[in-house]
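Numbering of ligands and ligand atoms starts at 1, following listing order. The basis for the numbers below is simple: all heavy atoms, side chains too, and nothing from hydrogens, waters or symmetry mates.
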Amino acid sequence: MSRWDADVAVVGLGAWGAAALWQLAARGVDVVGFERYHRPGHALGSSYGGSRMFRVTCLEHPGLVPLARRSLELWRGLESEAGRQLLFPAGGLLIGPEQGLVVGGTLRAARTHGIEVRSMRPAELRERFPRHTGVPSHHRAVWEPSAGLLRAEDSLRAAADLARRAGARVFTDSRVHAVEPVPGGVELQTSERVTRVRRVVITVGSWLRSLVDGLPLTTLRMPLTWFRPAAPHGDAFDLEHFPVFMRETDEGPVLWGNGREGGHDVKLGLEGYGPGARTLDADDDADRAVRPEDWTDIARMLPGLLPGLTELPAKIAVSLFTRTPDGQFVVGALDDDSRIVVGGGCNAHGFKHATGVGEALADLATGRAPRVDLRFLSPDRFGRTAATTPVRMEGAL
Ligand SMILES: Cc1cc2nc3c(=O)[nH]c(=O)nc-3n(C[C@H](O)[C@H](O)[C@H](O)COP(=O)(O)OP(=O)(O)OC[C@H]3O[C@@H](n4cnc5c(N)ncnc54)[C@H](O)[C@@H]3O)c2cc1C
């Protein structure tokens, strides 16, 4: 009898963990998944909210473009295996000052990697996408035809279901309290069981600090709002007329969102800088309560930028994401120890890459070099010292 309960464990089944589980199970790896809540795709982590923007023009880092391209192939593969559409490629708009974060970064990524985009002046934007108003003359809009909308929870559940079908064992309501290296592998502890595996993939999103010490991570709350079109504007806010967008203002905040799709209203948010985006402890339920400042700033912007939506949101939710000092993800083996592979630090732009990151995590957990070079995302770049305890024991077992 083997001393190992499985070859690999995946701890945390959000978008990234579910994708890693799917990739591992599809390769025939004996894999077990742990999710602390009742069902993958719950409302408490980073993957909630119905939809996420997909784009290839990764303005956050040039090294992410190959990852987005690979992710796109894998999203198509996931759709085909799951037998349903998860990515709606209606195109996307990046709007803002010509040299700004959003438009400047998008054009740079497009030029460097030969991505098809089209730059528009405000007048042309208004003609093609009349819901966007008040764009100053020194701003530009970049149209990326390859962009689109991913169905969030649906995608990660599809990956988790396919993993199960391929033989992965999944424990829900199973919070891993500790990951402890043992000779040749690691031991995972939940309140119900101790599980011994050769390697572990830790993808616990905003809870990463509670399992791994020494990474410079900050968890932020990010409000999400859904608005309805006022009666005469009906279809004008459907996804095909009002595609996914990011819109940088001269004042600083970046408004992002997407049109109605799959029964959801128009979704809007403010990139990281809204007054509702405060740091918090992912286990502090009190901070998840909705407050007026979670939606009032956006509501104030609407008459000038997106007229035709009702003044009050139809729905508000609070989501979480994790920030790193350089804005880049954390993907790689911890302290060069191939037994412990970490995927986190999403910086609120990681959903589109979930399938590519899942594949890379599966590669790392099975001793292969990832197909896309992700060494720039290594957890070691933050200079964790060998003296740092690699994994933390925490909570009562
Ligand atoms: C409001 C918002 C908007 C965003 N918009 C975009 C976008 O448009 N495009 C884009 O590409 N990205 C976007 N992102 C980022 C994207 O959503 C995240 O990168 C992605 O969802 C990260 O998923 P994750 O698997 O890392 O984390 P999560 O989805 O939070 O998953 C972590 C999982 O681990 C589980 N877990 C935690 N601790 C334990 C434990 N000890 N034991 C077992 N299980 C545990 C949790 O319950 C959870 O299910 C956005 C993020 C937010 C918050």
Fill in: Protein heavy-atom partner closest to atom 18 (C) of ligand 1 - residue, atom, separation in Å
Cys346 SG, 3.6 Å

Practice prompt. Pull out every atom of ligand 1 sitting under 4.0 Å from any heavy atom of Tyr37, numbered as shown with elements.
Written response: 47 (O)

Fill in: Any Ser174 heavy atom less than 4.0 Å from ligand 1
yes

Worksheet, complete the sentence: heavy-atom search around atom 34 (O) of ligand 1 in the protein gives Gly12 CA, 3.2 Å

Worksheet item: What atoms of ligand 1 come closer than 4.0 angstrom to any heavy atom of Ala15?
Response: 23 (O), 25 (O), 29 (O)

Fill in: Charged N-O contact under 4.0 Å between Asp297 and Arg300
yes

Worksheet item: Of the options Ile316, Leu268, Asp265, which is the one that meets Trp226 in a side chain to side chain contact (heavy atoms under 4.5 Å, CB included)?
Response: Asp265

Worksheet item: Which atoms of ligand 1 have any heavy atom of Trp16 under 4.0 Å away?
Response: 25 (O)

Response to the item:
Ranked by distance from atom 43 (C) of ligand 1, the top protein heavy atom is Arg36 N, 3.4 Å

Fill in: Pair Phe129 + His241: ring centers closer than 6.0 Å
no

Worksheet item: Which of the atoms in ligand 1, numbered in the order shown and given with their element, are less than 4.0 Å from a heavy-atom of Thr203?
Response: 32 (C), 33 (C), 34 (O)

Worksheet item: Which residue, Trp22, Phe329, Phe351, forms the ring-ring contact (aromatic ring centres under 6.0 Å, His included) with Trp16?
Response: Phe329

Discussion item. Tell me if the CZ atom of Arg108 is crowded by more than 12 foreign heavy atoms within 6.0 Å.
Written reply: no

Fill in: 4.0 Å heavy-atom contact, Thr322 with ligand 1
no

Worksheet item: Would you call Glu79 and Arg151 a salt bridge, taking side-chain N to carboxylate O under 4.0 Å as the test?
Response: no

Discussion item. With a 4.0 Å cut-off on heavy atoms, is Gly269 in contact with ligand 1?
Written reply: no

Worksheet entry | Subset of ligand 1 atoms that lie under 4.0 Å from at least one heavy atom of Met222 | 1 (C), 2 (C)

Worksheet item: Between Gly14, Ser47, Gly345, which one has a non-hydrogen atom sitting closest to atom 23 (O) of ligand 1?
Response: Ser47

Worksheet item: For His42, is the nearest heavy atom under 4.0 Å from an atom of ligand 1?
Response: yes

Fill in: Minimum non-hydrogen distance to atom 2 (C) of ligand 1, winning option of Glu60, Lys352, Glu271, Arg52
Arg52

Worksheet item: Between the candidates Ala68, Ala348, Ser46, which shows the shortest non-hydrogen contact distance to atom 22 (C) of ligand 1?
Response: Ser46

Worksheet item: Does some side-chain heavy atom of Arg196 sit less than 4.5 Å from a side-chain heavy atom of Val182?
Response: yes

Worksheet item: Can you list the ligand 1 atoms lying under 4.0 Å from a non-hydrogen atom of Phe34?
Response: 43 (C), 44 (N)

Fill in: Proximal ligand 1 atoms for Leu320, defined as those under 4.0 Å from one of its heavy atoms
53 (C)

Worksheet item: Is the shortest heavy-atom distance from the side chain of Asn258 to the side chain of Phe237 under 4.5 Å?
Response: no

Discussion item. So if I count the atoms of ligand 1 from 1 in the order they appear, which ones are less than 4.0 Å from some heavy atom of Gly45?
Written reply: 30 (O)

Worksheet item: What protein heavy atom is closest to atom 8 (O) of ligand 1, reported as residue, atom name and distance in Å?
Response: Met53 N, 2.8 Å

Discussion item. Taking Arg70 first and then Glu73, would you say they form a salt bridge - that is, a charged N and a carboxylate O separated by under 4.0 Å?
Written reply: yes

Discussion item. Considering Val330, Leu224, Val176, Val179 one by one, which has a heavy atom nearer to atom 42 (N) of ligand 1 than any of the others?
Written reply: Val176

Worksheet item: Salt bridge between Arg165 and Glu81, side-chain N to carboxylate O under 4.0 Å?
Response: no

